[in-house]
Q: 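One structure, pasted below without further comment.
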Amino acid sequence: MGFSFLPVMEYLSRRAFHAAGLCPHTVTLPRDPGEGSGARTIHYWAPPGEPRLPPLLLIHGFGPMATWQWRRQVGPFSRRFHVVVPDLLCFGGSSPSPSSPAPSESAQAAALAALLDALPGLPATARVAVAGTSYGGFVAYSLARAAGPGRVGPVVISNSDLLKTAEDDRAFLQRAGGEWASMAELLMPLDARSARRLMELSFYRRQVTSMLPDFLIREGVQKLFSDKREEKIELMKAIIIGTDEFQLTPLEQDVLLIWGDHDQIFPLDKAFAVKRCLGENVRLEIFKETGHVPQMEDPDRFNEVVLDFLLASQKSPNQHDQ
C-alpha cells in the first residue's frame, strides 16, 4: 500500500479538534411533514456535556472535510465559545432523508436550526453566533434570516457571494481556463490536473499538496470527492442563491464580512456589492495576499478579527437582548 495524504489530513484535523476539547456526535433530526420515509442525521463536533460558554456554530464550505477547513480555528475559538462544527447534509457523516430532494441552503439552515434545538443543555432562548465560509456562508445567511436575531446572534460570512448568478458561474469557469463544462467538474475534481487548478483558484499561496505526484493527488481527490458525489451534484443544482426564488435582504444581526483580495472563485468586487445589500450593521474586512479561504491561509489574523468581532458584539447588546 502506497502513501496517501488523506490519512495525514484526517489525523491533523482530528488532533486539532480533540486538543480543543471537541468530540464527535450524531443526532437524528425530526422528520418534516410530507418528507417520506427515512431519517436525516447530522454528524457534528462539540464539547461533551452542556454548554458552559456562549455557543458558536462553524459552517463549512464545499471543500474537503469540515474538520480540515476549521482545524486552525477550533483551538482559539473554544477558549471563549462552546464551538459546534457540523457536517452539512450530504457531507461527511451527515445525510438527508433518502426519499427527499437535495436540500437547498435554506433546507440546510433548517437542519442546523433543528440541530441547535437538539443540542444537550442549550436553552431554546440562547443566541448562537454563526460563522460560515463559502457555501457555508450561504447557509449562515439563510439561518440568520430565518431564525432571526432572537436565536442567531452575530454572523460571520467569509468569501460568500450572496449575489452569485449563473453568469458568475460561467465567468468562473472561463477564469479557470474554459476547459470544464460544469462547476461540479472543477469544484469536485477527480483528476490531478483539475485538483491542481482548483487549488490555484482557491489559494493565493502555493500549497504543498499541489506539489505531490499526480497519482497521489488523483488517489486523494477520488476518495474525497467520490463520497456522496451524486448527492453533492444535486446539491449544487438546489442552490437558490442566484435564482428568482432568492432576494438578498439586510440582516438585523451584526455581520462581519471577510474576503480575500485574491479570491478567484468569488472576486473581491463582489464583496462590496454584498456589503451594500446586507444593511448598515455590516463590517467588511479584506485580507491581503489571501484567496478564497482566509481561515486557512491567514488563520492568525482570521482568528483575531473574528474573535474581536464576536466578543465586541457580546459586550454591545442590541434591542433583542434587552
Side-chain angles (χ1 to χ4, degrees), residues 6-7 9-18 20-32 38-48 55-74 77-78 81-98 100-120 122 128 130-143 156 158 160 184 187-188 220-221 223-236 238-239 293 295-296:
L6 275 186
M9 291 174 62
E10 292 173 351
Y11 169 75
L12 293 174
S13 302
R14 285 177 171 269
R15 186 176 71 172
F17 273 60
H18 284 303
L22 276 64
C23 304
H25 309 267
T26 301
V27 63
T28 299
L29 303 180
R31 193 161 60 235
D32 293 332
R40 298 178 303 158
T41 60
I42 290 281
H43 175 271
Y44 68 98
W45 289 77
L56 169 61
L57 186 68
L58 301 180
I59 309 175
H60 65 84
F62 238 93
M65 296 184 297
T67 50
W68 183 252
Q69 294 182 44
W70 293 114
R71 73 190 187 283
R72 303 292 295 274
Q73 281 67 55
V74 288
F77 289 0
S78 65
F81 292 92
H82 183 89
V83 175
V84 179
V85 185
D87 290 331
L88 292 170
L89 297 175
C90 299
F91 292 87
S94 298
S95 62
S97 168
S100 301
S104 66
E105 57 270 39
S106 297
Q108 295 275 22
L112 293 185
L115 167 64
L116 295 177
D117 291 341
L119 286 179
L122 184 67
V128 180
V130 176
T133 177
S134 192
Y135 174 74
F138 297 175
V139 179
Y141 171 81
S142 297
L143 177 60
V156 179
S158 179
S160 303
L187 295 181
M188 296 189 295
V221 296
K223 288 182 179 178
L224 276 174
F225 296 115
S226 294
D227 179 50
K228 302 185 181 74
R229 184 174 183 83
E230 293 305 316
E231 291 92 332
K232 290 174 184 174
I233 290 174
E234 293 303 312
L235 197 67
M236 287 186 179
I239 293 174
V293 281
Q295 84 277 12
M296 297 174 69

Q: Within the side chain of Ser104, is there an N or O that forms a donor-acceptor pair under 3.5 Å with the backbone of Ala107?
A: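 Answer holds: yes.
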Q: Taking the side chain as every heavy atom from C-beta outward, state whether Leu122 and Val84 have any atom pair closer than 4.5 Å.
A: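 Not in contact.
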Q: Working to the nearest 0.5 Å, report the span between OG of Ser13 and CE of Met65.
A: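 The distance works out to 4.5 Å.
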Q: Return the minimal non-hydrogen interatomic distance between Gly132 and Ser160, and the atom names on each side.
A: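 Result for this residue pair: O-OG, 4.3 Å.
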Q: Between OG of Ser226 and NZ of Lys232, what distance do you get to the nearest 0.5 Å?
A: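 Reported to 0.5 Å precision, the distance equals 9.5 Å.
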Q: Backbone N or O of Leu88 within a donor-acceptor pair of the Gln108 side chain at under 3.5 Å?
A: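 Flag not set: sc Gln108 to bb Leu88 has no pair under 3.5 Å.
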Q: Closest approach of Pro24 and His18, non-hydrogen atoms and distance?
A: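 Looks like CD-CE1, 4.3 Å.
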Q: Determine yes or no for a side-chain-to-main-chain donor-acceptor pair under 3.5 angstrom, with Arg40 supplying the side chain and Pro30 the backbone.
A: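 Checking the backbone N and O of Pro30 against the side chain of Arg40, a donor-acceptor pair under 3.5 Å is found.
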Q: Please round to the nearest 0.5 Å and tell me the distance separating atom NE2 of His60 and atom OG of Ser134.
A: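 Result: 11.0 Å between the selected atoms.
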Q: Please check if the number of heavy atoms outside Arg14 that lie under 6.0 Å from its CZ is greater than 12.
A: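 Count not over threshold, so no.
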Q: Can you measure from OG (Ser78) to CD (Gln73) and round to the nearest 0.5 angstrom?
A: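 It is 11.5 Å, given to the nearest 0.5 Å.
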Q: How long is the span from the OG1 atom in Thr67 to the CG atom in Leu22, to the nearest 0.5 Å?
A: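 It is 11.0 Å, given to the nearest 0.5 Å.
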Q: Can you check whether Thr41's main-chain N or O pairs, donor with acceptor, with His43's side chain at less than 3.5 Å?
A: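 Side chain of His43 to backbone of Thr41, a donor-acceptor pair under 3.5 Å: no, none is there.
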Q: Supply the atom-to-atom distance Phe91 CZ to Leu235 CG, rounded to the nearest 0.5 angstrom.
A: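 If we round to the nearest 0.5 Å, Phe91:CZ and Leu235:CG are 5.0 Å apart.
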Q: Find out whether Leu57 and Leu143 are in side-chain contact, i.e. whether some heavy atom of one side chain is under 4.5 Å from a heavy atom of the other.
A: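 Contact flag for Leu57/Leu143 side chains = yes.
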Q: Please find the pair of heavy atoms, one from His25 and one from Pro47, that lie closest to each other, and give the distance.
A: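 In this case the closest contact between His25 and Pro47 is NE2-O, 4.0 Å.
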Q: Could you tell me which non-hydrogen atom of Gln69 sits nearest to which non-hydrogen atom of Gly63, and how far apart they are?
A: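 It is NE2-O, 3.1 Å.
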Q: Could you point out which residue of Asp87, Val27, Val85 forms a side chain to side chain contact (heavy atoms under 4.5 Å, CB included) with Tyr44?
A: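 Option passing the side chain to side chain contact (heavy atoms under 4.5 Å, CB included) with Tyr44: Val27.
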Q: If every non-hydrogen atom of Ile42 is compared with every non-hydrogen atom of Ser94, which pair is closest and at what distance?
A: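 Closest approach of Ile42 to Ser94: CA-OG, 3.3 Å.
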Q: Does the pair Met296 and Arg71 meet the rule for a side chain to side chain contact (heavy atoms under 4.5 Å, CB included), with working shown?
A: CA-CA 8 Å; Met296 297 174 69; Arg71 73 190 187 283; 3.7 Å; yes
Q: Checking ring pair (Phe, Tyr, Trp, His ring centres under 6.0 Å) against Phe17, which of Trp68, Trp70, Trp45 comes through?
A: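 In the set Trp68, Trp70, Trp45, the residue that makes a ring pair (Phe, Tyr, Trp, His ring centres under 6.0 Å) with Phe17 is Trp45.
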Q: Looking at every non-hydrogen atom in both residues, tell me the closest pair between Phe225 and Phe62 and how far apart they are.
A: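 Taking Phe225 first and Phe62 second, the nearest heavy atoms are CE2-O, 4.4 Å.
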